[in-house]
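Have a look at the structure below before the remarks.
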2 protein chains.
Amino acid sequence: MLLSKACIYGVRASLYMSLVYQKDRYISIREMSEKLNISFHFLTKILQQITHAGLMHSYKGPNGGINLSKDPNEITIIKIVDAIDGMAVFTECVIGLPGCGRNKPCPLHEKWAVARQELQDMFENTTLHEMAISSKKLNLRLSDELSIEELMI
Amino acid sequence: MLLSKACIYGVRASLYMSLVYQKDRYISIREMSEKLNISFHFLTKILQQITHAGLMHSYKGPNGGINLSKDPNEITIIKIVDAIDGMAVFTECVIGLPGCGRNKPCPLHEKWAVARQELQDMFENTTLHEMAISSKKLNLRLSDELSIEELMI
DNA sequence: TATATTTAAGACAAATTAGTCTTTAATAAA
DNA sequence: TTTATTAAAGACTAATTTGTCTTAAATATA
């Protein structure tokens with residue numbers, strides 16, 4: 001698995017947030033957890049990591065919740081990944097050798113360095129806005145059960 | 001982490017095996033575990049998975065050990081990965097949605113499908129033989145401490 | 001045949017990750 | 001000011017992965 005479960009849930013939640021994004025509208029974590037079929041408490045903790053990274057902010061009390069702290073076109077998927085799993089997957093040796101790099105490479109380093117850079121580029125060049133647009137256009141899926149259309153009701 | 005620790009150790013061990021490969025020579029797991037700095041018992045279990053997959057075979061008793069069951073140029077890294085972690089990483093949805101694919105894709109599917117295919121190609125097109133050759137030529141590293149040259153003594 | 005050497009197998013323990021539950025704090029609205 | 005609603009925080013449990021230990025089985029050699 002490339003991304004941890006926590007990270008996967010974080011990305012799903014971020015995509016959801018971008019779908020329903022309005023500048024001053026807070027989304028209830030409970031509601032989101034139910035729509036995305038993610039445990040409420042687990043999702044809460046994950047979103048805390050994301051808010052601590054400055055990507056979202058939260059508001060307590062009635063009608064409180066979570067909102068993106070910037071416009072979805074300013075947030076790339078890699079920021080979410082970084083907030084939860086960190087950047088290790090894009091920098092580490094594929095066979096886990098400490099210090100593997102141009103200086104003292106492992107046998108797979110040269111090929112892996114290319115592949116992981118492409119992975120990084122992919123996450124870096126994908127904005128939440130872009131994903132929301134194509135999701136709506138193509139009615140893509142964000143949860144096992146609901147289509148995006150159903151999700152946004 | 002793309003590959004599990006067990007898988008990482010399995011790949012390191014396979015690369016080691018290809019370095020010292022001779023058709024009828026068994027390599028002691030104990031010796032390999034010491035050279036690669038991997039727990040002997042853990043490595044033993046990992047190698048069992050690899051032998052069960054038919055990629056290596058083992059021999060008990062004095063001068064026993066492990067050997068590749070085919071020539072290193074007939075074994076690709078992906079076979080080792082498959083034997084331990086399975087092929088899920090090359091087939092699964094990056095955000096873990098069951099059934100994600102061309103039919104009912106998640107927002108990241110299109111980009112991810114390309115990236116994961118490139119990953120798969122990389123592992124598929126890399127043979128143990130090829131890695132052994134370049135490792136010897138460039139004195140690459142297979143363990144945190146020892147260079148390939150030191151490893152092969 | 002007895003002994004030493006080696007892998008196989010499986011029980012067990014430790015560490016990490018995933019997930020749950022309870023209590024606290026902030027805020028809106030009655 | 002009281003109550004209801006919401007996120008924050010942290011303790012706790014469960015599951016999975018990683019790693020260790022012990023015993024059994026196979027084999028070579030004396």
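- For D:dT5, neither phosphate oxygen OP1 nor OP2 lies less than 4.0 angstrom from any side-chain nitrogen or oxygen of A:Lys60.
- Relative ring orientation between A:Phe42 and A:Tyr9 is described as perpendicular, the plane-to-plane angle rising above 60° on a 0-90° scale split at 30° and 60°.
- Rounded to whole Å, atom P of D:dT6 lies 13 Å from atom CE of A:Met32.
- Protein atom CG of A:Asp85 is 8 Å distant from nucleotide atom P of C:dA18, rounded to whole Å.
- Within 6.0 Å of atom CD in A:Glu149, 12 or fewer heavy atoms from other residues, nucleotides or ligands are found, so the atom counts as exposed in its surroundings.
- Regarding contacts with the backbone of D:dA11, every side-chain N or O of A:His41 stays at 4.0 angstrom or more from both OP1 and OP2.
- Nearest-nucleotide mapping onto DNA chain C: of A:Met1 and A:Pro62, the residue sitting toward the 5' end is A:Met1.
- Counting non-hydrogen atoms of other residues, nucleotides and ligands closer than 6.0 Å to CD of B:Glu110 gives a total of 12 or fewer.
- Positionally, the nearest nucleotide of DNA chain D for A:Tyr59 lies more toward the 5' end than for the other of A:Lys45 and A:Tyr59.
- Using a 4.0 Å cut-off between charged nitrogen and carboxylate oxygen, B:Glu130 and A:Lys111 count as a salt-bridge pair.
- The side chain of B:Asn63 lies closest to D:dT29 when the candidates are D:dT18, D:dA7, D:dT29.
- Distances from the side chain of B:Ser28 to the nucleotides C:dA18, D:dA7, C:dT7 place C:dT7 closest.
- Between A:Ser39 and C:dG19 there is no side-chain N or O to OP1 or OP2 distance below 4.0 Å.
- Taking the six-membered ring for Trp, A:His57 and A:Tyr26 have ring centres closer than 6.0 Å.
- Distance CD (A:Gln49) to C1' (C:dG19): 14 Å, rounded to an integer number of Å.
- Here C:dA9 presents its P atom at 15 Å from CG of B:Leu43, a figure rounded to the nearest Å.
- One can place CD of B:Gln48 at 14 Å from C1' of D:dG19, the figure rounded to the nearest angstrom.
- In this model, the phosphate group of D:dA9 is approached by a side-chain N or O of A:His52 to a distance below 4.0 Å at OP1 or OP2.
- The phosphate of C:dA8 has OP1 or OP2 within less than 4.0 Å of a side-chain N or O from B:Ser58.
- Rounded to whole angstrom, the span from the NZ atom of A:Lys5 across to the P atom of C:dT20 amounts to 10 Å.
- Atom CZ of B:Phe40 and atom P of C:dT5 are 13 Å apart (whole Å).
- The interatomic distance linking B:Ile27 (CD1) with C:dT6 (C1') rounds to 14 Å, in whole Å.
- Residue A:Tyr9 places at least one side-chain N or O under 4.0 Å from the OP1 or OP2 atom of C:dG19.
- Base engagement by B:Gly61 is indicated by at least one non-hydrogen atom pair under 4.0 Å involving a base atom.
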